[in-house]
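Working notes, beginning with the structure itself.
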Amino acid sequence: MTAHDCRANHVEQNRRYWDDEAAAWHEPLARDHWSQTEPRWGLWGTPESQVSVLPDGIGGMRTIELGCGTAYVSAWLARAGARPVGIDLSEKQLATARAMQAEFGIDFPLVLGAAEKVPYEDNTFDLAISEYGASLWCDPYQWIPEAARLLVPGGHLVFMRYSPLFALCVRPEGAASTTLSRAQFGLTRLDWGNHVEFVLPHGEMLRLLRSSGFLVEDLIEVQAPQPAHRDYAEVPADWARQWPSEEIWKARLAG
């Protein structure tokens with residue numbers, strides 16, 4: 001039995017964290033994200049024109065945002081002509097998403113649930129996407145095979161997460177340092193007391209994607225810009241200009 005199989009269930013812990021704590025500080029950000037005319041990804045607001053996260057021909061695609069939060073990624077997809085669905089386990093996050101839908105006049109289904117078990121049939125979507133949603137908060141050994149189940153053959157999987165190097169260097173208290181704080185072997189689950197995150201090393205992630213039927217098309221390690229719009233408590237911009245704090249995986253389901 002591997003480490004991720006035998007640990008306590010993370011879903012309820014993360015649901016409580018988002019409903020009781022995190023949703024409050026994400027709500028003020030929602031309007032800014034929804035109002036963006038060009039997608040800007042991740043901590044450093046990296047523009048879509050720079051990283052080309054989205055596949056070509058997004059118009060008409062059926063998309064599922066796994067761990068959608070306030071669903072601004074799905075709003076970007078809807079503006080581009082896609083037919084999005086968002087799923088998230090936090091009622092408060094989805095309430096903010098619905099308020100944004102009403103304010104901006106963009107409507108699409110929002111589902112309360114976990115990305116590890118999505119209530120849609122096999123082969124329903126053309127694109128599964130996650131920006132710090134399922135990609136960080138869900139067990140990858142559950143949500144990645146679930147994404148494969150949901151996608152049509154040839155469908156796209158795109159996700160953004162913390163980099164393994166950041167996970168190795170971030171400390172329980174304070175920001176990422178230039179010293180390794182944990183071992184890479186066995187790196188999967190990060191317990192922070194009131195919530196749980198998941199970061200697999202590159203080798204394990206590559207094997208998991210391949211075993212789930214995906215062909216990896218790209219891995220983009222994101223560098224913080226100069227100047228950066230802000231620092232974060234967990235990662236200063238100076239650190240992220242030297243080493244990747246976040247990364248984007250792009251894969252396609254075989255077939």
Side-chain angles (χ1 to χ4, degrees), residues 1-27 29 42-43 64-71 73 86-94 96-97 111-118 128-148 157 159-177 180-209 212 232-235 244-249:
M1 180 177 291
T2 59
H4 70 275
D5 292 323
C6 61
R7 303 298 291 269
N9 187 284
H10 61 280
V11 174
E12 286 305 317
Q13 187 176 0
N14 285 345
R15 187 198 311 274
R16 287 194 301 271
Y17 173 74
W18 278 101
D19 278 343
D20 297 344
E21 300 179 46
W25 50 267
H26 264 252
E27 183 176 356
L29 301 174
L43 298 176
I64 178 80
E65 186 183 357
L66 300 170
C68 67
T70 60
V73 171
I87 184 169
D88 200 89
L89 53 71
S90 169
E91 290 186 14
K92 289 189 176 179
Q93 288 277 80
L94 291 182
T96 299
V111 179
L112 179 64
E116 292 100 328
K117 192 172 183 180
V118 178
I129 191 166
S130 177
E131 186 209 37
Y132 287 108
S135 56
L136 182 64
W137 298 91
C138 296
D139 185 339
Y141 290 95
Q142 297 180 37
W143 82 263
I144 287 178
E146 180 70 347
L157 173 65
F159 60 95
M160 189 174 205
R161 63 171 193 161
Y162 286 137
S163 74
L165 182 58
F166 168 78
L168 295 176
C169 293
V170 70
R171 295 165 292 184
E173 301 292 338
S177 73
L180 298 177
S181 299
R182 55 176 55 84
Q184 177 168 319
F185 293 113
L187 178 68
T188 301
R189 172 177 171 137
L190 306 178
D191 287 283
W192 298 112
N194 59 355
H195 65 280
V196 178
E197 298 172 346
F198 294 88
V199 180
L200 285 184
H202 287 152
E204 286 191 52
M205 179 59 77
L206 181 61
R207 286 187 289 275
L208 174 57
L209 288 166
S212 300
Y232 294 89
E234 67 274 21
V235 54
S245 59
E246 56 187 1
E247 60 188 28
I248 302 161
W249 288 76

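The model shown is predicted, which means the values in this text are computed figures rather than measured ones. For reference, positions follow the sequence shown, starting with 1.
Between W249 and L206, the closest heavy-atom pair is CH2-N, 4.3 Å. Across T188 and Y141, no two heavy atoms sit closer than the pair CG2-CE1, 4.5 Å. In plain terms, the two heavy atoms of L187 and P164 that are nearest each other are CD2-O, 4.3 Å. Among all heavy-atom pairs drawn from E131 and G42, the shortest one is OE2-N, 2.6 Å. Shortest non-hydrogen contact noted between A97 and A71 is CB-CB, 3.9 Å.
A distance of 9.5 Å separates CG in L94 from OG1 in T70, rounded to the nearest 0.5 Å. If you take CG on N14 and CG on D19, they are separated by 11.0 Å, rounding to the nearest 0.5 Å. Remark: L168 CG to L190 CG distance equals 9.0 Å, nearest 0.5 Å. Remark: I144 CD1 to M205 CE distance equals 4.0 Å, nearest 0.5 Å. For the atom pair NZ of K92 and CH2 of W18, the computed distance is 13.0 Å after rounding to the nearest 0.5 Å. One distance of note links CD of E65 with CD1 of I129; it measures 7.0 Å at 0.5 Å rounding.
At least one donor-acceptor pair closer than 3.5 Å links the side chain of D88 to the backbone N or O of C68. With hydrogens and angles disregarded, no donor-acceptor distance shorter than 3.5 Å links the side chain of R189 to the backbone of D139. For S163 (side chain) and P244 (main-chain N/O), a donor-acceptor pair under 3.5 Å exists by modelled atom type. Although no hydrogens or angles enter the test, the distance criterion places a donor-acceptor pair under 3.5 Å between the side chain of S130 and the main chain of S135.
A side-chain donor from one of H10 and E116 sits under 3.5 Å from a side-chain acceptor of the other.
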Which is it for L209 and L157 under the side-chain contact (heavy atoms from CB on, under 4.5 Å) test, yes or no, and what are the steps along the way?
CA-CA 10 Å; L209 288 166; L157 173 65; 3.8 Å; yes

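With sequence neighbours left out, the salt bridge (Lys or Arg N to Asp or Glu O under 4.0 Å) criterion links E146 to R149. Remark: E234 pairs with no residue by the salt bridge (Lys or Arg N to Asp or Glu O under 4.0 Å) rule, at least two apart or across chains. Taking S245 as the reference, W44 meet the side chain to side chain donor-acceptor pair (under 3.5 Å) condition, with sequence neighbours excluded. Scanning for side-chain contact (heavy atoms from CB on, under 4.5 Å) contacts around A115 gives L66, A134, C138, with sequence neighbours left out. Applying the side chain to side chain donor-acceptor pair (under 3.5 Å) criterion to Q13, with sequence neighbours excluded, gives no partner residue.
When Y132, F159, Y17 are each tested for a ring pair (Phe, Tyr, Trp, His ring centres under 6.0 Å) with W137, only one passes: Y17.
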Per-pair distances, 0.1 Å, donor-acceptor, side chain in residues 195-202, under 3.5 Å, sequence neighbours excluded:
unit_1: E197; atom_1: OE1; unit_2: W192; atom_2: NE1; d: 3.0
unit_1: H202; atom_1: NE2; unit_2: E247; atom_2: OE1; d: 2.8
unit_1: H202; atom_1: NE2; unit_2: E247; atom_2: OE2; d: 3.3

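Between R15 and E12 a salt bridge is recorded (basic side-chain N to carboxylate O distance below 4.0 Å).
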